[in-house]
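I have placed the structure first, in the form of structure tokens, so that the comments after it can refer back to it.
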Amino acid sequence: MIAETTEEAILENQIMYVPPPARWTSERVALIGDAAHGLPPHIPAGGTLGIEDVGVLRASLTDEPDTAKALARYEAARAARLEEVRAHADAVERAADGEEFAERYAAFSHWMITTAPAACAGPGRFQQGRCMTMRSHA
């Protein structure tokens with residue numbers, strides 16, 4: 001099939017990186033998921049991170065009655081994790097070959113699974129109103 005494909009039929013799309021926004025929250029609005037922290041397509045963790053966001057946001061809003069302070073707390077709580085996610089994504093992207101890519105991606109996946117925020121604790125489903133974490137890779 002590959003040999004039969006003509007050059008004209010090949011679609012090449014440049015991967016575009018969107019820089020992270022300067023902030024994810026205002027006094028009354030919070031961004032979650034890819035709107036707050038989009039990742040390159042070789043790191044399919046956006047769904048997991050978005051669900052984590054919801055759990056952390058819920059915990060922040062539950063613990064802090066002032067909405068603006070709760071949203072600021074949510075953003076601060078997520079910022080360090082997302083910096084680490086971007087560092088892992090960069091490491092995976094810069095892998096020299098397929099074997100190194102697989103090793104770095106496995107390390108990233110293990111890190112994601114073992115470091116989920118406390119607000120997202122649970123064995124892969126909604127529990128007592130807390131967020132779901134994706135733990136399908138054992």
Ile32/Trp24 under side-chain contact (heavy atoms from CB on, under 4.5 Å): CA gap, chis, key distance, verdict: CA-CA 8 Å; Ile32 63 169; Trp24 310 348; over 6 Å; no
Test item: Leu61 and Arg58 side chains (from C-beta on) under 4.5 Å apart, heavy atoms: no
Whether Arg73 side chain and Ser60 backbone form a donor-acceptor pair below 3.5 Å: no
From CA spacing to verdict: salt bridge (Lys or Arg N to Asp or Glu O under 4.0 Å), Glu52, Arg81: CA-CA 10 Å; Glu52 288 179 10; Arg81 181 158 175 84; 2.7 Å; yes
Nearest-0.5 Å distance, CG of residue Leu82 to CD of residue Glu84: 10.5 Å
Glu93 side, atom CD; Leu39 side, atom CG - distance, nearest 0.5 Å: 11.5 Å
Where Pro21 and Ala35 come nearest, the two heavy atoms and their spacing: CG-O, 4.2 Å
Worked verdict on Arg104 versus Arg94 for side-chain contact (heavy atoms from CB on, under 4.5 Å): CA-CA 10 Å; Arg104 290 180 180 190; Arg94 290 169 184 22; 4.2 Å; yes
Gap between atom CG of Leu49 and atom NE2 of His37 - 0.5 Å precision: 5.5 Å
Heavy-atom closest contact (Asp34 atom, Gly46 atom, distance): OD1-CA, 3.8 Å
Separation between CG of Leu71 and NZ of Lys69, rounded to the nearest 0.5 Å: 12.5 Å
CG on Asp53 to CG on Leu31, rounded to 0.5 Å: 9.5 Å
Exam field: side chain Glu100 to backbone Ala96, donor-acceptor pair closer than 3.5 Å: yes
Aromatic ring pairing Phe101/Tyr105, orientation class (parallel under 30°, perpendicular over 60°, tilted between): parallel
Smallest separation among heavy atoms of Arg78 and Pro117, with atom names: NH1-CG, 3.4 Å
Verdict with reasoning, Thr48 to Met112, per side-chain contact (heavy atoms from CB on, under 4.5 Å): CA-CA 9 Å; Thr48 300; Met112 283 286 293; 3.7 Å; yes
